[in-house]
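Worksheet: one structure, shown below.
Counting starts at 1 for both ligands and their atoms, following the listed order.
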Amino acid sequence: MVTRRFHDSDPAVDGLYSDLAEADLQPLWRQEGLLPRTPNRLTPFLWRWKTLRDLAGRSGELVGIDRGGDRRVLALAHPDLGGLPFATHTLWGAVQFLGGGELAPAHRHSPAALRLVLEGTGVWTLVNGDPIAMEPGDLVLTPGQTWHEHHNPGTEPMVWFDGLDLPLVRNLDAVFFEPGPDELSDYSPRPHSSSEQRFSVAGLVPVVDPVPVEPTGPGRFSPLLAYRWSAVDAALSQLIDAGGFGAATVRYSDPTSGRDVMPTLRAEMHRMLAGHQTPATRRVGSGIWLVFRGSGSTVVDGHAFSWSAGDILVTPSWSAVEHEAFEDSDLFLLSDEPVIEAAGLARTANEPTQGVREGGLAQASTAGS
Ligand code: 1HN
């Protein structure tokens with residue numbers, strides 16, 4: 001058969017296009033932007049701590065915890081994502097406010113979550129019945145399908161960062177959610193969670209027979225559910241002393257396998273001493289940088305963002321990212337890199353330093369600056 005070649009001016013082509021649309025079909029040759037040369041679906045964006053803290057505090061005064069979702073959570077809603085409450089295409093980022101005397105009741109869901117405590121003291125998160133104390137700088141995991149609830153027995157609020165893989169899991173249409181029982185759980189605060197009692201000595205993991213099977217399958221997430229700031233701080237100080245070049249990074253990992261804490265989420269703490277500047281690097285996958293301590297500036301694809309403690313910066317997939325610390329600084333990074341790696345999509349590249357030229361760069365987008 002001979003293919004009849006259409007020209008765009010041919011009226012038959014218009015007929016073809018409307019018949020295709022009628023049949024819920026789209027020709028590849030009319031798609032634009034489906035296959036960009038490099039990832040390009042997001043721009044960098046920064047939220048300021050002052051805005052986040054003020055609005056979280058006002059929410060605490062005005063809105064009870066039982067108003068849907070059982071959590072007082074302000075989601076980072078990236079303006080590129082069409083009004084969705086998502087920080088990137090794969091990552092949820094938020095600040096959560098739990099006032100003195102409040103309880104965020106038990107539930108569980110398939111999306112995996114972690115928290116990094118920013119302010120307050122004395123809160124307990126029960127994870128599958130194990131009471132985990134939360135203090136500033138601590139990282140606490142609530143892996144997919146684990147029951148979790150938060151208790152604030154004190155009088156002062158606690159504010160923490162929530163990171164989840166919810167956008168990814170939602171796009172995979174794999175979200176399950178279950179509210180907990182109506183009865184309140186009873187818990188006795190303990191100096192160490194049972195997860196830390198068993199798994200917090202580096203290099204030593206308990207031998208148990210038979211191996212318990214976790215609800216989501218063995219080895220799918222870290223059995224150590226809390227990573228204490230004192231340990232992270234000490235590890236970073238030692239690395240800086242050993243390396244002698246003013247910067248060090250630790251990755252939070254599953255002590256039984258060395259893998260990431262959860263299948264979809266990577267968590268790291270990056271320390272830079274005052275004056276340190278990192279090379280400009282690109283990597284596939286998006287990231288949320290939370291400034292835990294210090295101040296500095298990050299150039300993302302030529303846009304300069306200045307930051308200080310509590311600010312949150314989103315870096316898109318394949319953007320060139322370059323940090324400079326003005327004071328000694330600690331940046332927490334949440335990324336989707338385990339998914340990128342599992343899918344065989346990982347790539348990195350080093351770029352020439354972009355530099356921050358006075359007035360030479362657009363001040364990039366920020367919320368509430
Ligand atoms: C969730 O369960 C918590 O348990 C926080 O603290 C944020 C965001 C989306 C979906 C579930 C929590 C959440 C969440």
Side-chain angles (χ1 to χ4, degrees), residues 47 52 55-56 59-60 63-78 81 83-120 122-136 138-153 157-181 184-185 187 193 195 215-216 221 225-226 261-262 264-265 267 286 288 290 312 314 332 334 336:
W47 290 261
L52 296 168
L55 293 170
S59 306
V63 185
I65 219 156
D66 44 358
R67 283 286 300 279
D70 285 342
R71 303 291 190 265
R72 192 184 293 103
V73 168
L74 302 181
L76 307 176
H78 196 302
L81 296 177
L84 288 168
F86 298 159
T88 81
H89 295 91
T90 50
L91 300 172
W92 171 286
V95 287
Q96 181 163 171
F97 184 100
L98 188 67
E102 286 188 327
L103 159 70
H107 67 205
R108 65 174 176 175
H109 38 72
S110 52
L114 55 73
R115 346 237 155 241
L116 192 93
V117 182
L118 296 173
E119 179 192 313
V123 167
W124 296 86
T125 284
L126 295 198
V127 185
N128 282 347
D130 191 10
I132 305 196
M134 292 171 78
E135 297 295 329
D138 292 347
L139 181 77
V140 173
L141 310 183
T142 59
Q145 289 302 96
T146 54
W147 292 104
H148 54 284
E149 64 192 80
H150 314 299
H151 296 251
N152 186 351
M158 180 172 275
V159 182
W160 65 76
F161 168 80
D162 283 311
L164 288 92
D165 58 8
L166 175 57
L168 172 76
V169 177
R170 191 180 137 89
N171 278 311
L172 296 170
D173 203 4
V175 173
F176 291 81
F177 176 89
E178 208 179 327
L184 293 184
S185 18
Y187 72 98
S193 64
S195 100
T216 47
F221 57 77
L225 299 174
V261 285
M262 296 183 286
T264 49
L265 297 174
S286 56
I288 303 179
L290 166 67
I312 305 181
V314 159
F332 176 75
L334 174 70
D336 54 15

**OP:** Can you tell me which residue pairs pass the salt bridge (Lys or Arg N to Asp or Glu O under 4.0 Å) test with a partner in residues 157-177, sequence neighbours excluded?
**Re:**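 Passing the test, one end in residues 157-177: Arg115-Asp162.
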
Original post:
In order of chain and number, which residues sit within 4.0 Å of ligand 1 by heavy atom?
Top reply: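 Residues near ligand 1: Arg71, Val73, Trp92, Gln96, His107, His109, Arg115, His148, His150, Asp162, Leu164, Leu166.
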
Original post:
To the nearest 0.5 Å, what is the distance between OG (Ser185) and CG (Leu103)?
Top reply: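 If I round to the nearest 0.5 Å, the distance is 7.5 Å.
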
**OP:** Decide yes or no for Arg71 and Pro105: does some side-chain heavy atom of the first lie under 4.5 Å from some side-chain heavy atom of the second?
**Re:**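 SC-SC contact between Arg71 and Pro105 confirmed.
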
Subject >> Check: Asn128 main-chain N/O paired with Thr146 side-chain donor or acceptor under 3.5 Å >> reply: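 Checking the backbone N and O of Asn128 against the side chain of Thr146, no donor-acceptor pair under 3.5 Å is found.
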
Original post:
If only atom types and distance count, is the side chain of Glu119 paired as donor or acceptor with the main-chain N or O of Met158 below 3.5 Å?
Top reply: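 No.
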
Original post:
With respect to Glu178, which candidate in Arg108, His109, Gln145 satisfies the side chain to side chain donor-acceptor pair (under 3.5 Å) definition?
Top reply: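 Looking at Arg108, His109, Gln145, the match for Glu178 under the side chain to side chain donor-acceptor pair (under 3.5 Å) is Arg108.
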
